[in-house]
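Structure first, commentary second.
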Amino acid sequence: MKQEFIERADRVMAATYKRFPIVFAKGRGCTLWDTDGRAYTDFVAGIAVCNLGHAHPRIAAALRGQADTLLHVSNLYYTIPQIELAEWLVKRSFADRVFFCNSGAEANEAAIKIARRYFKERGESERFRIIAMENSFHGRTMATLSATGQDKIKKGFDPVLEGFDFVPFNDAEALRAKIGPHTCAVLVEPVQGEGGVCCPDPEYLAAVRQICDEAGLLLMLDEIQTGIGRTGKLFAYEHFGIKPDVMTLAKALANGLPIGAMLAKEEVASAFGPGSHASTFGGTPIVTTAALAALNVLVEENIIERGRTVGAYFKEKLAWLQNRHEVVAEVRGLGLLLGLKLKSDGAPVVTRCMQRGFLVNCIQDNILRFVPPLIITKEEVDALLGCLDEIFGDLSPTA
Ligand SMILES: *Cc1c(COP(=O)(O)O)cnc(C)c1O
């Protein structure tokens, strides 16, 4: 049965994804089942998306209710879930206003556009360049791949959009040196996700904030992966004692429904007047209802705190693995955005985990990334770590 689905997919779908040969049929909490009924513990969570795991009863109930009521009317009109979600985000963040869209790339598009327009409206038309980081990831649209600091993302799509400069992540002096008369903003992930779960030094983002203030630049944080509790705080910037001027969200915001958001301080947000930017589906009732349900569960059930505690435990256990196995080069991450850098290729490890019923993800060839639902338990972490211990034991003799 599975093979037939895969053959059908390979006949008709664009070949943009290198997929694993699993067809998933259902999920519950941190477990997924394939069409053969095999169970997997999910340490991928749809790439840091399903904070509350799969088929959460409160999200399902909210969706059912909204599905019976109103799915979509466009942004020619107001709808209540969209208003409530914007209020929720404004109340708990640095921001005064929210623009809704449908993905991370779209949220970053909105950030890039608002930075340019903000300076145009202030009469500083010459300031349009954005400094981004080497090794960053901001999306796959033309503007966001142009802002991405990885050649492999840009390959074959030249010419990229004009107006992006790159400096090494976690190097405040390199950033300062790159600023020129055309620079208008800095775009940075608080922890680089796709780039390899790279955490900055504790003082780096405060230095970036200060540099932006001195040069009159907007600080734009891409919290698409780090936001919504992933790192142990609602937003990762809360770890670093700073506030951005613009922030983008997506992945976990609606626990699996497609959504993006660009949040900004009033002064910056005012650059987006009527007609300046738009999205047909942005903030549509069904999706914003899911987001509100997910965020309410997150707060009422202290899920972020739980994730922070399990994340600290998980990281300790990864350090234990590193001590035991020569093949482990480094443990990285914050909260439940964790990485394990290997001295060898990660793909065989991912395959063997899958055979043993664990989904993990490998990025940058040799970094295992763990981004499970925030409701993952210590027992589930222990089970994965036991599996990894055995796999690494086979790769190299234990130290
Ligand atoms: C996933 C991601 C994006 C792109 O989001 P899409 O929804 O795939 O467009 C952008 N920035 C970061 C940091 C991400 O992790």
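Just follow the structure's listing: the first ligand is 1, and inside any ligand the first atom is 1.
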Close-contact set for ligand 1 against [X] heavy atoms, below 4.0 Å:
X	answer
Ser103	7 (O), 9 (O)
Asp222	10 (C), 11 (N), 12 (C), 13 (C)
Gln225	15 (O)
Ala105	4 (C), 5 (O), 6 (P), 9 (O)

Judging by distance only, is a nitrogen or oxygen of [X] under 3.5 angstrom from one on ligand 1?
X	answer
Glu189	no
Ala250	no
His138	no
Ile224	no

- Query: Do you see a donor-acceptor pair shorter than 3.5 Å between the side chains of Asn108 and Thr248?
  - Reply: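 There is such a pair (donor and acceptor under 3.5 Å, judged by atom type) between the side chains of Asn108 and Thr248.
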- Task: Please check if the distance between the ring centroids of Tyr204 and Phe169 is under 6.0 Å.
- Result: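 Centroid distance Tyr204-Phe169: below 6.0 Å, so yes.
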- Query: Going through the distances and angles, do Leu295 and Ile228 end up as a side chain to side chain contact (heavy atoms under 4.5 Å, CB included)?
  - Reply: CA-CA 8 Å; Leu295 295 172; Ile228 318 297; 3.8 Å; yes
- Message: Donor-acceptor check, side chain of Asp389 to backbone of Leu385, threshold 3.5 angstrom: yes or no?
- Response: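 Pair absent, no side-chain N/O of Asp389 close to backbone of Leu385.
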- How close does the nearest protein non-hydrogen atom get to atom 3 (C) of ligand 1, and which residue and atom is it?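 Nearest protein contact, heavy atoms only, for atom 3 (C) of ligand 1 is Phe137 CE2, 3.6 Å.
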- Query: Which residue holds the protein heavy atom closest to atom 5 (O) of ligand 1, what is that atom called, and what is the gap in Å?
  - Reply: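 Answer for atom 5 (O) of ligand 1: Gly104 CA, 3.3 Å.
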- Item | Of the listed options Glu106, Lys251, Glu194, Arg230, closest to atom 15 (O) of ligand 1 (non-hydrogen atoms) |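 Closest candidate by heavy-atom distance is Lys251.
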Could you tell me whether [X] and [Y] make a salt bridge, using a distance below 4.0 angstrom between a side-chain N and a carboxylate O?
X	Y	value
Glu330	Arg332	yes
Lys91	Glu87	no
Arg306	Glu301	no

- Message: Heavy atoms only, cut-off 4.0 Å: how does Arg140 contact ligand 1, side chain, backbone, both, or neither?
- Response: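 It is neither part, as no heavy atom is under 4.0 Å.
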- Region of Asn108 that comes within reach of ligand 1 [heavy atoms, distance under 4.0 Å]: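 For Asn108, the contact with ligand 1 is made by the side chain alone.
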- Which other residues end up in the same hydrophobic cluster as Val12, if Ile, Leu, Val, Met, Phe, Trp and Tyr are linked when side-chain heavy atoms come under 4.5 Å apart?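 Result for Val12 is Met13.
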- Message: So, using side-chain contact (heavy atoms from CB on, under 4.5 Å) as the criterion, who are the partners of Ala174 when residues are at least two apart?
- Response: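 With neighbours one apart ignored, the set is Val167, Pro168, Asp171.
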- Under 4.0 angstrom from atom 8 (O) of ligand 1, is there any protein heavy atom?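 Protein heavy atoms within 4.0 Å of atom 8 (O) of ligand 1 - there are none.
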